[in-house]
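Reviewing the structure listed below.
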Amino acid sequence: MSTIITATEITVRYGERAVLDAATLGIEAGDRIGLVGRNGCGKTTFLRILAGLQSPDTGVVSRQRDLVVSYLPQDFMLDATRSVAENIRDGAKPVLDLIAEFESLPHDSPRHEELEHRIQALEGWTLDLRIETAMSHLNCPAADRRIETLSGGEKRRVAMCRAIVSLPDFLILDEPTNHLDPESIDWVADFLDEFHGSFLVVTHDRYFLDRVAQRMVELYEGKFWSQNGNYTDYLLAKAERQEADATVEHKRQMFLKKELAWVRQGPRAQRSKQKDRFERYYETAAQAGPAVEEDMELVIPPPPQLGNRTVEVSNLGMTLGEKKLFRGFSYTFENGQRIGVCGRNGLGKTTLLKAIIGQLPPTEGTVKIGQLTKFNYVDQGRLQLNEERTVLDEAADGTEFVIWGDSRISVRSYLKRFLFADDRITTLVKKLSGGERSRLLLAKILKCGGNFLILDEPTNDLDLPTLRVLEEALIAFPGMVLVVSHDRYFLNRVCTNILAFEGDGTIAHSVGDYDYYLEKKQRAAKEAARQSAVFISANRSVAPAKAAAANGAKPRKLSFKEQRELDGIEAQIHAVEAEVARIEGLFAQPDFFRKHATQVNQLTADLDAAKANVTNLYARWEELERIRAAADKS
């Protein structure tokens with residue numbers, strides 16, 4: 001394959017800090033790359049350099065001739081004075097320019113054939129159809145709406161649509177799944193599956209990376225590390241690399257310990273062998289050990305005690321304008337639950353949160369809040385940061401300490417738990433990366449305490465290591481957690497219950513994680529289809545059934561063995577579901593691949609078998625219940 005773009009010896013410094021340190025990366029035709037690394041490590045800077053929007057301090061970027069590059073940044077580059085359709089068509093400017101030139105040339109121009117071939121390659125003649133398709137699947141706002149009237153999520157959809165309609169040779173996507181619902185994320189993944197060019201994507205969505213990436217690149221300490229395969233392959237390879245580094249470092253330390261004892265003896269003679277031994281010791285001692293990644297110690301402040309009643313909603317309904325979002329929702333929130341809220345955008349998820357905390361009065365129904373319930377609400381807009389203040393001043397906000405249960409800790413110590421080193425604690429907010437801003441916002445909000453934590457899309461803009469730490473903190477939180485997210489991995493890892501907005505004003509409750517909710521939903525859909533088929537079949541055979549009844553035929557009863565099977569089948573289902581949860585819990589552990597690397601295949605097979613067993617047991621349960629019900633009716 002040919003190389004379409006090469007970044008050679010790229011260096012970028014911000015003050016004394018080099019985010020890219022003589023880094024080199026080549027991208028070939030057909031590459032499907034996932035770029036990972038901690039927030040603030042330089043990922044967005046590198047994407048801007050590839051897109052031609054920023055120049056490195058040193059180094060060279062070489063591009064294939066006539067390379068069409070399209071870039072979706074985290075910060076929208078949309079014309080606020082123009083409509084949705086106009087902004088999206090701007091993304092296809094290279095194609096539109098070719099079409100305009102083609103149509104302006106005389107019919108006998110020798111350049112006609114070359115232009116037509118290029119336009120066909122970019123599918124320029126079907127541009128309008130592709131724009132309509134992308135807008136529909138991404139649930140974009142109406143084509144004639146002005147950008148200045150859109151919400152943040154709507155703007156991202158327009159920007160995403162704009163980035164992909166030109167069918168570029170090289171597509172650069174910075175957090176494309178932020179603010180997209182599961183259906184839209186699936187459509188983007190399908191689009192990338194069929195995409196003929198190369199792409200490089202930065203995202204915190206681990207399922208998305210597993211599905212679309214065929215090569216993972218990690219940016220760490222200013223350098224690129226490349227690994228073929230998807231995100232899971234990358235994690236396995238990284239765990240193996242870290243284990244090998246640890247073994248080498250252990251041997252080095254043992255050697256130094258042994259040689260240090262010899263050096264301290266101070267051998268008198270300075271023969272050549274002893275000199276060689278001295279040199280070998282000092283050379284080994286001067287070697288740097290393997291770099292150890294620092295993890296954020298995100299521990300949410302211990303909450304005050306919750307009462308027996310936390311929040312109870314009865315027949316809750318919300319209407320905004322002419323649109324009825326949901327109705328008839330009743331639920332009692334209990335201490336210790338971690339509830340995930342999911343569903344398509346626009347169905348009322350954020351509205352439900354605001355109704356629970358009292359920011360919006362319900363259209364119908366009631367919300368009863370316990371006397372000891374204290375909310376801590378992190379909304380999608382988060383808080384505004386003062387660009388001219390330091391990280392310390394923003395987090396402290398006039399205080400020197402953070403209340404921590406029955407004690408208190410200094411704000412500086414608190415910020416270090418969010419991975420802010422001493423030099424970054426005194427940095428101005430305007431000089432922070434997007435990820436550092438997110439960590440500062442989390443630190444600022446979570447220090448407020450509360451025993452009922454409500455998070456609206458907390459995973460947006462967080463890097464993968466920080467996400468894992470946030471997951472651990474929420475799992476360990478002893479209060480009540482209610483979280484809205486489209487991140488399937490996050491919902492599976494954290495949540496004990498799911499509230500799913502399924503459309504038509506309904507909110508479905510499911511015990512278990514998001515995958516289990518999907519399985520039950522799919523089973524229900526299959527059962528509904530089967531029941532429909534049975535109903536049609538029964539109607540077609542009314543006459544034979546009546547004839548059988550006339551002959552005195554009766555539905556059979558359960559045998560003794562079948563009755564015993566029915567009596568015990570619910571316990572079997574609970575046992576198998578517990579096994580599914582146990583294995584999924586193993587996979588969710590942050591050190592899973594270090595502890596269980598040799599058991600991955602077996603555990604995967606066991607999980608698949610257990611899930612299949614659950615499905616079979618439910619089917620058998622339904623079959624036995626039908627026989628029993630038919631016998632009882634007779």
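Throughout, numbering of the chain's residues begins at 1 and tracks the sequence. Values reported hereafter were calculated over all heavy atoms of this structure, with side chains retained and with hydrogens, waters and symmetry mates removed.
Residues passing the side-chain hydrogen bond (donor to acceptor under 3.5 Å, both in side chains) test with T615: none are found, sequence neighbours excluded. Residues satisfying the ring pair (Phe, Tyr, Trp, His ring centres under 6.0 Å) test with F477, not counting sequence neighbours, are none. With sequence neighbours excluded, no residue satisfies salt bridge (Lys or Arg N to Asp or Glu O under 4.0 Å) with K520. Evaluation of the ring pair (Phe, Tyr, Trp, His ring centres under 6.0 Å) rule for F224 yields F46 as partners, not counting sequence neighbours. T310 meets the side-chain hydrogen bond (donor to acceptor under 3.5 Å, both in side chains) test with no other residue; sequence neighbours excluded. With sequence neighbours left out, the ring pair (Phe, Tyr, Trp, His ring centres under 6.0 Å) criterion links H574 to no other residue. With sequence neighbours left out, the salt bridge (Lys or Arg N to Asp or Glu O under 4.0 Å) criterion links D608 to no other residue. Not counting sequence neighbours, F420 has no partner by the ring pair (Phe, Tyr, Trp, His ring centres under 6.0 Å) test. With sequence neighbours left out, S226 forms a side chain to side chain contact (heavy atoms under 4.5 Å, CB included) with R215, V217. With sequence neighbours left out, the side chain to side chain contact (heavy atoms under 4.5 Å, CB included) criterion links V511 to N497, H509.
In this structure, F191 and W187 have parallel ring planes: the angle between them is below the 30° cut-off, well short of the 60° mark.
A salt bridge does not link E623 with R626: every distance from a Lys NZ or Arg NE/NH1/NH2 to an Asp or Glu carboxylate oxygen is 4.0 Å or more. A salt bridge is defined here as a Lys NZ or Arg NE, NH1 or NH2 lying under 4.0 Å from an Asp or Glu carboxylate O, and E472 with R493 meets this definition.
Checking each of T366, T332, V367 against S314 for a side chain to side chain contact (heavy atoms under 4.5 Å, CB included) leaves exactly one that passes, namely T366.
Heavy-atom minimum distance, K43 versus V36: CD-C, 3.7 Å.
The salt bridge (Lys or Arg N to Asp or Glu O under 4.0 Å) analysis of residues 199-208, with sequence neighbours excluded, yields the pairs R206-E471, R206-D487. Pairs of residues two or more places apart, or lying in two chains, that qualify as ring pair (Phe, Tyr, Trp, His ring centres under 6.0 Å) and include a residue from residues 436-457 are F333-F452, F375-F452.
Within a 6.0 Å sphere centred on NZ of K354, other residues, nucleotides and ligands contribute 12 heavy atoms or fewer.
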